[in-house]
Amino acid sequence: MSTRLAVVLGAGLGMLCASLVGVPEASAQVAALKVDTGDTAWVLMSSALVLVMLVPGLALFYGGLVRSKNVLGTIMQSFMILSVVSLLWILIGYSLAFGPDKGGVIGGLDWVGLNGVGVDPHPTYGPTIPHQAFMFFQMMFAAITPALIAGAFAERKRFSAMVTFSALWSLFVYAPLAHWIWGGGWLAKLGALDFAGGAVVHISSGAAALVCAIVLGKRRGYGTDYMAPHNLPMTLLGTGLLWFGWFGFNGGSALGANGVAISAIVATHTAASMGAVVWCLAEWMHRGKPTVLGVASGAVAGLATVTPASGYIGPFAALLIGAAAGLACYFAIVWKGRFGYDDSLDVVGIHGVGGVLGILATGLFASKAINSGGADGLLYGNPSFFGVQVLMVVVVAVFSAVVTFLLLKLIDGMTKLRVEPEEEATGLDLSQHNERAYS
Amino acid sequence: MSTRLAVVLGAGLGMLCASLVGVPEASAQVAALKVDTGDTAWVLMSSALVLVMLVPGLALFYGGLVRSKNVLGTIMQSFMILSVVSLLWILIGYSLAFGPDKGGVIGGLDWVGLNGVGVDPHPTYGPTIPHQAFMFFQMMFAAITPALIAGAFAERKRFSAMVTFSALWSLFVYAPLAHWIWGGGWLAKLGALDFAGGAVVHISSGAAALVCAIVLGKRRGYGTDYMAPHNLPMTLLGTGLLWFGWFGFNGGSALGANGVAISAIVATHTAASMGAVVWCLAEWMHRGKPTVLGVASGAVAGLATVTPASGYIGPFAALLIGAAAGLACYFAIVWKGRFGYDDSLDVVGIHGVGGVLGILATGLFASKAINSGGADGLLYGNPSFFGVQVLMVVVVAVFSAVVTFLLLKLIDGMTKLRVEPEEEATGLDLSQHNERAYS
Amino acid sequence: MSTRLAVVLGAGLGMLCASLVGVPEASAQVAALKVDTGDTAWVLMSSALVLVMLVPGLALFYGGLVRSKNVLGTIMQSFMILSVVSLLWILIGYSLAFGPDKGGVIGGLDWVGLNGVGVDPHPTYGPTIPHQAFMFFQMMFAAITPALIAGAFAERKRFSAMVTFSALWSLFVYAPLAHWIWGGGWLAKLGALDFAGGAVVHISSGAAALVCAIVLGKRRGYGTDYMAPHNLPMTLLGTGLLWFGWFGFNGGSALGANGVAISAIVATHTAASMGAVVWCLAEWMHRGKPTVLGVASGAVAGLATVTPASGYIGPFAALLIGAAAGLACYFAIVWKGRFGYDDSLDVVGIHGVGGVLGILATGLFASKAINSGGADGLLYGNPSFFGVQVLMVVVVAVFSAVVTFLLLKLIDGMTKLRVEPEEEATGLDLSQHNERAYS
Amino acid sequence: MKLIEAIIKPFKLDEVKDALLEIGIQGMTVTEVKGFGRQKGHKETYRGQEYTIEFVPKVKIEVAVPDSQVQRVLDTITRTAKTGSIGDGKIFVRDLGMAVRIRTGETGDTAL
Amino acid sequence: MKLIEAIIKPFKLDEVKDALLEIGIQGMTVTEVKGFGRQKGHKETYRGQEYTIEFVPKVKIEVAVPDSQVQRVLDTITRTAKTGSIGDGKIFVRDLGMAVRIRTGETGDTAL
Amino acid sequence: MKLIEAIIKPFKLDEVKDALLEIGIQGMTVTEVKGFGRQKGHKETYRGQEYTIEFVPKVKIEVAVPDSQVQRVLDTITRTAKTGSIGDGKIFVRDLGMAVRIRTGETGDTAL
Ligand SMILES: Nc1ncnc2c1ncn2[C@@H]1O[C@H](COP(=O)(O)OP(=O)(O)O)[C@@H](O)[C@H]1O
Ligand SMILES: Nc1ncnc2c1ncn2[C@@H]1O[C@H](COP(=O)(O)OP(=O)(O)O)[C@@H](O)[C@H]1O
Ligand SMILES: Nc1ncnc2c1ncn2[C@@H]1O[C@H](COP(=O)(O)OP(=O)(O)O)[C@@H](O)[C@H]1O
C-alpha cells in the first residue's frame with residue numbers, strides 16, 4: 001500500500017512538472033522599484049538562516065529528544081517536509097498565500113508556477129528586493145511550520161501519512177492563514193499584526209499539534225516506559241542553530257537591512273535570553289535543580305513568543321515577553337500530564353502557548369515609536385488593536401484545529417495514520433526506513 | 001618515513017614563507033570601479049557559507065558514512081585539505097587559475113603571493129566587490145573540490161599520501177581547469193558555461209574519484225563485511241549544512257546580491273528538493289521503503305547537478321534537473337556493484353554523474369531571458385552551445401582522470417598510497433592518528 | 001542553598017525588569033549619519049556568526065573534550081553565560097563599556113537599559129550602521145569571553161558559582177577592559193590597537209583561566225585517570241563552527257562590508273590554515289603522528305592569535321602569525337604539565353598564549369598601507385607603538401588576573417566554588433542537572 | 001547456591017525485575033547482549049546496499065539465589081518474560097560454589 | 001549440558017557463527033567485552049597527553065550445548081577463531097545444570 | 001580451575017586490575033553491566049517529567065584461575081574493590097571444567 005502511494009505520488013509529480021515546464025514569462029511589472037543590494041543580501045541570508053533552522057536545526061532539536069530507535073524517522077520528517085512543501089510552494093502555495101487577493105480569503109492563481117514572480121521588486125512585498133527573494137523567504141516559513149507540528153506525533157506516525165498530512169496542511173491551513181494575515185487578506189485589513197509569524201506559524205502549528213496528539217493517541221508505554229531524550233547534545237546543537245537562524249526569521253521579516261531589522265533582532269535575542277534564564281529559575285525553584293534541556297526550552301519559548309512582536313517593540317517589552325514565555329511554557333508543560341494527551345515533543349506547550357502569548361503581547365506592547373509601519377498597543381492607549389489581536393488568536397487556533405482534524409480523518413481513511421504496534425515497538429528507523437542511526 | 005615527510009613539508013613551508021614575507025604591493029589598478037557594500041556583504045557571507053559546506057559540512061557528511069573506527073581520519077581529510085589548499089591558493093594557486101591569461105592554458109605568475117590582489121575591484125572578477133573577496137570566494141571552491149574526491153578513498157588511504165595528492169591535484173588539475181573555464185582560458189573563449197562548478201568542481205572530482213577508487217583498490221571486506229554508516233544523524237547534519245552552504249556556493253557565484261543570485265538560489269533549492277523527493281520515490285518503488293540516507297543523497301545529487309545551470313535557468317528547468325539527478329544518481333549507485341570498483345562514499349555516482357548531467361542540462365536549458373550574461377541552450381535553438389558543453393564534459397573528465405592517475409603513480413613511488421592491512425583493520429583513527437572518536 | 005540562590009536571583013531579575021520597563025526614549029542623536037544597508041547587512045550577519053561561535057560552536061567544542069558524564073554541564077555553561085551576560089549587557093554592561101567616557105576609566109551610566117541607543121548611527125561606533133547593531137555585535141563579544149574561561153574550570157565547578165562568577169566578571173573585568181581599549185578609554189588614547197579582541201577577549205580570558213585553574217585546583221584523578229575527550233567529532237563540529245563564525249568576529253569588526261573586512265577575513269583564514277598545518281607538523285615530528293585534535297587546536301590557535309592583528313595586516317604577516325601560533329600554543333600545552341595546574345580545556349595555552357602573541361604581532365606587523373585607520377608597527381619603524389602594545393599585554397593580563405582572583409574569593413565565601421567530591425565522581429550532568437546526555 | 005541466568009527480550013526487563021523484587025530477590029546484574037536463534041533479525045538498506053542482521057538485541061539477567069529459591073525464581077521469570085512468540089529466550093541454571101559481598105566480606109547465602 | 005564460553009577477536013564473530021550453524025548449533029548469545037592479557041593494547045594522544053590503553057575489544061560467545069556436542073563445538077570454534085597471533089582468546093567449558101525455554105517451558109536439551 | 005566473577009564499581013577497575021597483575025594473574029575479561037541491589041540509583045528530570053533509574057553502572061571482571069590461586073585472587077579483589085559503602089559488589093566463584101587457548105590449543109591451567 002505504501003508502495004502504491006509512492007507510485008501515485010510519483011506519477012502526480014511527473015504530470016505537474018510536465019504541464020508546467022518552460023521558462024516563466026518575463027515579469028510584467030514596471031521596473032520602477034530599484035533593488036537595493038544591501039537589503040537583498042540581508043533577505044537572501046535570512047532565507048538561508050531560516051533554512052538552517054529547519055534542517056539541520058529543528059531536525060536535530062527534535063531528533064535528540066526522541067528515543068534512539070526513532071531518531072532517523074524524526075529527522076526524516078524535517079527533510080521531507082522541507083522538500084515537499086518547497087515544491088508545492090513553487091507550484092501553487094505561493095500564489096494561494098500571496099497572489100492577488102480574492103475577497104480577502106485567498107490569493108488567486110495568477111502566480112501559479114511562479115508565473116510573473118520575477119526579479120523586480122513587488123511594491124508591497126519588499127520594494128527594495130527582488131520579488132523572488134520575498135517568495136523564497138516566505139517559502140522557508142511555509143516549510144518550517146508543518147515541520148513544527150511533526151513534534152506532536154513523533155515516534156508513531158506512519159511515514160506516508162506524515163508526508164500527505166504535511167503537504168495538505170501547507171495548502172489548506174498555512175496558505176490561507178498566510179494570506180489572511182500577510183497576503184492582504186481580511187485579518188490584515190482589520191489591522192491584525194503578526195511580525196514574523198506568531199499566529200501564522202506558532203499558533204497554527206500549536207493548535208494543529210494538539211489535534212494531532214489527541215487524534216493519534218499516546219505512544220505505547222507513555223507514562224510508564226523510560227522515554228528520556230536519547231541525545232541531548234544533539235538537541236542543544238539544534239537549539240543553537242534555531243537561535244542563530246531566528247535572527248533571520250525575525251530580522252529578515254523587516255525585508256531589509258534597516259532599523260526595524262536590528263531592533264527585531266535585539267528583541268529576539270533579549271527574549272530568548274530571558275526565556276532561558278526564567279525557565280531555568282522556575283525549574284530550579286520548583287524542582288530543586290536547573291536543567292540544560294530547560295534552558296534550551298526556555299530559549300526556544302522566548303524566541304517563539306517574541307516572534308510576532310519583535311519588529312514592533314523595544315528591548316524592555318522583549319524582557320517581559322521572554323520572562324512570561326519562560327514561566328508560562330514551563331508550567332504548561334509540567335501540567336500537561338493533567339490533560340492526558342501525549343504531545344511528544346511539546347509543540348503545544350511551547351509553540352501554541354508561546355504563539356498566543358506573543359500575539360497578545362503584540363497587542364499590548366506594540367509601539368509606533370519603534371516601527372512607524374506598526375500600531376500602538378493597549379499600553380499606548382489602543383484597545384481596539386488589542387481586540388483585533390484577540391480575534392486573530394481565536395480565528396487562527398480554531399481554523400487550524402478544525403482543518404487539521406478534517407485532514408487527519410481524510411488521511412486515516414486512505415492510509416492508516418499510525419504505525420502498527422510492533423513497528424512502534426521496533427522503532428520508526430527500522431520499521432519505516434530499514435535503517436539504523438548508529439552502528 | 002612519515003615523520004621524514006613531515007620534516008620535509010615543514011622545511012618547505014618555512015622557506016616559502018620566508019621568501020615571501022612582506023606586505024603585498026599596493027594594487028596598481030585604477031580605482032575607478034566602486035565597491036558596493038551590499039554585493040560585498042553577500043560575497044563575504046557566501047564565502048563563509050562555502051567554508052561551512054566543507055568544515056564542518058562535508059567533513060561530517062562523510063564522517064557519518066564511514067565506520068566508527070575511521071571517522072576521525074575521514075574528518076581529518078576535510079580539515080587538512082582546507083588548510084593546505086588555502087595556503088597553496090594564496091601562494092600560487094590563485095595566480096595559476098585566475099592570473100593574467102597565458103595562451104588560454106594557464107594563468108601567469110603575476111599574482112603569486114597575492115601580489116597585486118588588493119581591495120579594489122577587478123573589472124572582470126566582480127566589478128563591484130574587492131578583488132580579494134573574489135579571490136577568497138574562489139579559494140573556498142579550490143579547497144572543497146579535492147575534499148570531495150577524498151570520499152572515494154575513505155577508510156584506506158595513508159594520511160601523508162592523502163595530503164600530498166590533494167595538494168598536487170589542486171595545482172595540476174583544479175587550477176588549470178578553473179583557468180580554462182572561469183579564468184578566461186580556452187573553454188571560456190569557446191563559450192562554455194559553468195555557473196558555479198559543474199565541470200570545474202563536480203566532474204573533475206568525480207573523474208578523479210573514479211581513478212582513485214580503481215587505483216587504490218577495494219576496502220578489505222568490501223562486499224562481505226558490514227559497512228553501514230556508523231552515524232547517520234551526523235551525515236544528516238552534514239547534509240543540512242551542505243544545503244545551507246550551497247545557497248552561497250551557487251548564489252555567491254553571481255558575485256553580487258542581485259537578480260541572478262536569487263534566481264540561482266531558487267533553482268538550487270528547487271533542484272535539491274526535487275532530487276530528494278525523486279530519490280525517495282525511486283527507492284520506495286524499487287526497494288519497498290524510503291530511506292533517510294536516500295533523501296539526503298537525493299538532495300545532494302540535486303544540488304550538485306543544478307550547480308552549473310543554476311544562474312542560467314528558471315525554476316521549472318530546475319525541477320526537471322532535480323528529478324533527473326535523483327533518478328540518475330540513484331541508479332548509478334545501485335548499479336555500481338556491477339562495475340566492481342569501491343567508491344566508498346559514492347563520489348562518482350553523485351558528483352561525477354551529477355556534474356555531467358548538470359553541464360549538459362545547462363546546454364539544454366540555459367536562457368538569456370534569465371541571465372543576459374549567459375547563453376541560450378539547445379531548447380532555445382542553440383545547438384552549437386550544447387556542443388561546446390559536451391566538449392567541456394569530455395575534456396574535463398579526461399584531463400582530470402589522466403592527471404589524477406599520473407599523480408597517484410608518482411605518490412605511490414614516494415610513499416605508499418594505502419595503509420597496511422593491519423592498520424586498515426584497526427582503523428585510521430588509531431593507526432594514523434593515535435586517537436579514538438568516542439570514549 | 002542553591003535553591004535559595006535561585007530565589008534571590010529570580011527576585012533580583014524581577015525588580016530590575018519592573019524598574020526599567022517602558023519603551024526607551026527616542027534617540028536624541030542628530031540623524032545626519034546615514035545607515036548603509038550593505039554595511040548593516042554585514043554587521044547583522046557578523047553578529048549572528050559570533051553567536052554561532054558561542055552556541056553551538058564553543059559549547060560543542062568544549063563539550064566534546066570533556067568526559068561523557070560532564071558534557072551537559074559543559075554545554076550548559078555556554079548557554080547560561082550567553083543568556084545572563086546578554087541581559088546584563090542590555091541593562092548596564094554596554095553603558096559601562098561604551099557609554100560616554102568618564103576619565104578614561106569607564107563608560108558612564110547614560111546608556112543604562114539601552115537608553116538613547118537607537119537605530120541611528122553613532123559617529124564613532126560605526127557611522128554607517130544603526131547604533132543598536134554596534135551594541136548587538138559587541139554584546140556577542142561580551143558573552144563569548146567569559147564562556148571561553150569556563151574551559152579552565154570544566155568538570156568541577158558548581159553551577160551557581162559558575163553563573164555568578166561569569167556575570168560579575170563580565171561587569172568588573174570585561175566592561176572596563178572593553179572601555180579602555182575600544183570605548184575611548186585610556187589605552188585607546190595611548191594608541192593601543194586591538195582589532196577584534198586579542199587583549200579584550202583572549203588575554204583577559206586566558207589570564208582569568210589561569211587564576212581559575214589554580215584557585216579551583218585539579219580535577220580528581222588528574223594525571224592518573226583516563227580523561228580523553230569523549231566525543232571528538234563533536235569537538236570538530238565545534239571547530240568548524242568557530243572557524244565559520246570567526247569570519248564575522250574579525251570581519252565584522254570592520255563595521256562594514258569594506259576592504260578592511262575582506263582583508264581581515266583573508267588574514268583570519270590564512271592564520272587558521274597555517275596554525276593547523278604547523279601544529280600538525282610539530283606534533284608529527286615531536287610525537288610521531290599527526291592528530292585530528294591537533295589540527296583543530298592549531299586552527300583555533302591561529303584564529304585566536306590573528307584576531308587583534310587581522311584588520312591591520314596583509315596575508316604574509318598572517319602566515320607568520322599562524323605559524324607562530326601553531327608552534328607556541330602546541331608547546332605551551334605540551335609543557336603545561338610542568339607547571340602543575342589543571343587548565344582542563346587549555347584556555348591558557350590557546351587563548352592566553354595566542355592573545356599575547358597576537359597583540360605583540362600587531363605591534364610588529366600593523367601597517368597603514370593595509371588599514372589607514374590603524375598604525376605602523378615596529379617592522380615599519382614605529383617602536384613606540386610596539387611599546388604601547390607591550391603595555392597593553394601587561395595591563396590586561398594583570399588586571400584580569402587580579403580581579404578574577406578577588407571575584408573567586410568573594411564567591412567562595414558565598415557559595416562553594418567546587419562541587420563535592422562525590423558529585424565530581426558522578427559527573428556534573430547528573431549531580432548538577434539531573435540529566436544524562438545519552439541514553 | 002545457584003546462579004540463574006536469563007536471556008530475555010529487552011522490553012521485558014522492568015516487568016521481570018519488578019516480579020523478582022516482589023518475591024524477595026534483592027539484587028541482580030544485567031548485561032546487554034545480542035542473541036542469535038530461531039527469531040529472525042532485520043534488514044537494513046544504505047544507498048541500495050542491503051544487509052541482513054541476524055543478531056537480535058537481548059538482555060541477560062544474572063541472579064544468584066539460595067537453592068531454596070531457585071524454583072520460585074525460575075517460575076517468576078518464565079511467567080513474566082513470556083510473550084509466547086519466538087525469541088522469548090532461555091534460562092540457564094548453574095551451581096555457584098561461593099559468593100562474597102565485597103563490602104563486608106560475608107560469604108554464602110547472606111552475601112546475596 | 002555444558003555452557004561453552006569463547007572469548008574471541010571481534011572480526012572473527014561472523015566466521016565462528018557461520019561454522020557453528022553448519023554443525024547444527026541453533027542459538028548463541030554474544031556480548032561485547034574488553035579483554036586483558038598477553039596481547040598489547042594501543043596508545044592514544046590528545047593534545048600531547050598520552051594514554052596507554054591495555055584493554056582490547058573482544059567478543060564473548062556463549063553456547064549451551066548437549067554433552068554430546070561439546071567436542072565438536074570446541075573444535076569448530078578453535079579452528080575458525082584462530083589466527084595464530086597473540087590474543088586469539090580462550091574457551092571455557094562449564095557444567096549447565098538446567099536450561100529452560102521461556103516461550104514453551106521446555107527444559108533440558110530440547111530447550112536449546 | 002575456577003572462574004571468579006566480580007561485580008565492582010567501575011572506577012575501581014584499574015586498581016583491581018593492577019593488584020591482580022601484581023599477584024601474577026595474566027589475563028581477565030571485563031564487561032560493562034548494570035547492577036540492581038541495595039545501592040540506590042538516581043533521578044532524572046526532562047521537561048518536568050521525572051524518572052527514577054534503579055540500575056547502577058557496574059563492571060564485571062571474569063578471571064579463570066587454577067584452584068591454587070583462588071583464595072589469593074578473592075582476597076586481592078575484596079581488598080582493592082572495597083570502599084565500605086553500599087554497592088561495592090559481589091564475587092562469585094564457580095567451577096570451570098575446561099579451558100582452551102585458541103591460539104595454541106593448550107588446555108587446562110596452562111591455557112590461562
Ligand atoms: N544454545 C544456546 N546457547 C546460548 N544462548 C542461546 C542458545 N539458543 C538460544 N539462545 C539465546 O536465546 C535467545 C532466544 O532464542 P530463540 O531461538 O530465538 O527463541 P526461543 O527461545 O523462543 O526458542 C537467542 O536470541 C539467544 O540469545
Ligand atoms: N585468566 C583469564 N581469565 C579470563 N579471561 C582471560 C584470561 N586470560 C585471558 N583472558 C581473555 O582472553 C583474551 C586473550 O588472551 P591473551 O593473553 O591476550 O592471548 P592468548 O589467548 O593468545 O594467550 C584476553 O583478552 C582476555 O579477554
Ligand atoms: N543476587 C544477586 N545476583 C547477582 N548480582 C547481584 C545480586 N545482588 C547484588 N548483585 C550485584 O551486586 C551489586 C552490588 O549490590 P548491592 O546490593 O547494591 O550492594 P552490596 O554488594 O554492597 O550489598 C549490584 O549492583 C548487582 O550488580
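In what follows, every chain begins at residue 1, and chains take the letters A, B, ... in the order their sequences are listed. The basis for the numbers below is simple: all heavy atoms, side chains too, and nothing from hydrogens, waters or symmetry mates. Quick caveat: nothing in here was measured; it's all calculated off a predicted structure.
Heavy atoms closer than 4.5 Å to chain E are found in the backbone of D/E32, but not in its side chain. Neither the backbone nor the side chain of D/K2 comes within less than 4.5 Å of any heavy atom of chain E. Proximity to chain E is limited to the side chain of D/T31, based on heavy atoms less than 4.5 angstrom apart. In this structure, chain D has a heavy atom under 4.5 Å from the side chain of E/L3, while its backbone stays farther away. With a 4.5 angstrom heavy-atom cutoff, D/T83 does not touch chain E via any of its atoms. Only the backbone of E/A111 comes within contact range of chain D, judged by heavy atoms closer than 4.5 Å. Neither the backbone nor the side chain of E/I61 comes within less than 4.5 Å of any heavy atom of chain D. For a residue to count as touching a neighbouring chain, one of its non-hydrogen atoms must lie under 4.5 Å from one of that chain's; by this rule D/K58 does not touch chain E. Contact of D/I86 with chain E is made through backbone and side chain together, with heavy-atom distances under 4.5 Å.
To the nearest 0.5 Å, atom OG1 of residue E/T76 and atom CD1 of residue E/I4 are 9.0 Å apart.
Most heavy-atom pairs under 4.5 Å with chain E, from the set D/F55, D/F92, D/F36: that is D/F36. Most heavy-atom pairs under 4.5 Å with chain E: of the set D/T78, D/I91, D/D88, D/V33, this distinction falls to D/I91. Ranked by heavy-atom pairs under 4.5 Å with chain D, the first of E/M98, E/R103, E/Q26, E/E106 is E/R103.
Just one residue in the list D/Q39, D/K9, D/K34 forms a side-chain contact (heavy atoms from CB on, under 4.5 Å) with D/V56, and that residue is D/Q39.
Looking at heavy atoms from C-beta onward, D/I25 lies out of side-chain contact with D/R72 at the 4.5 angstrom threshold. In this structure the side chain of E/M1 reaches within 4.5 angstrom of the side chain of E/D109, judged on heavy atoms. With a 4.5 Å cut-off on side-chain heavy atoms, E/K43 and E/T45 do not count as touching. Using a 4.5 Å heavy-atom threshold, the side chains of D/I7 and E/E62 count as separate.
Salt bridge annotation for D/D14-D/K17: present, with a cationic side-chain nitrogen under 4.0 angstrom from a carboxylate oxygen. A salt bridge between E/D95 and D/R94 is absent, with no side-chain N of the basic residue lying under 4.0 Å from a carboxylate O of the acidic one.
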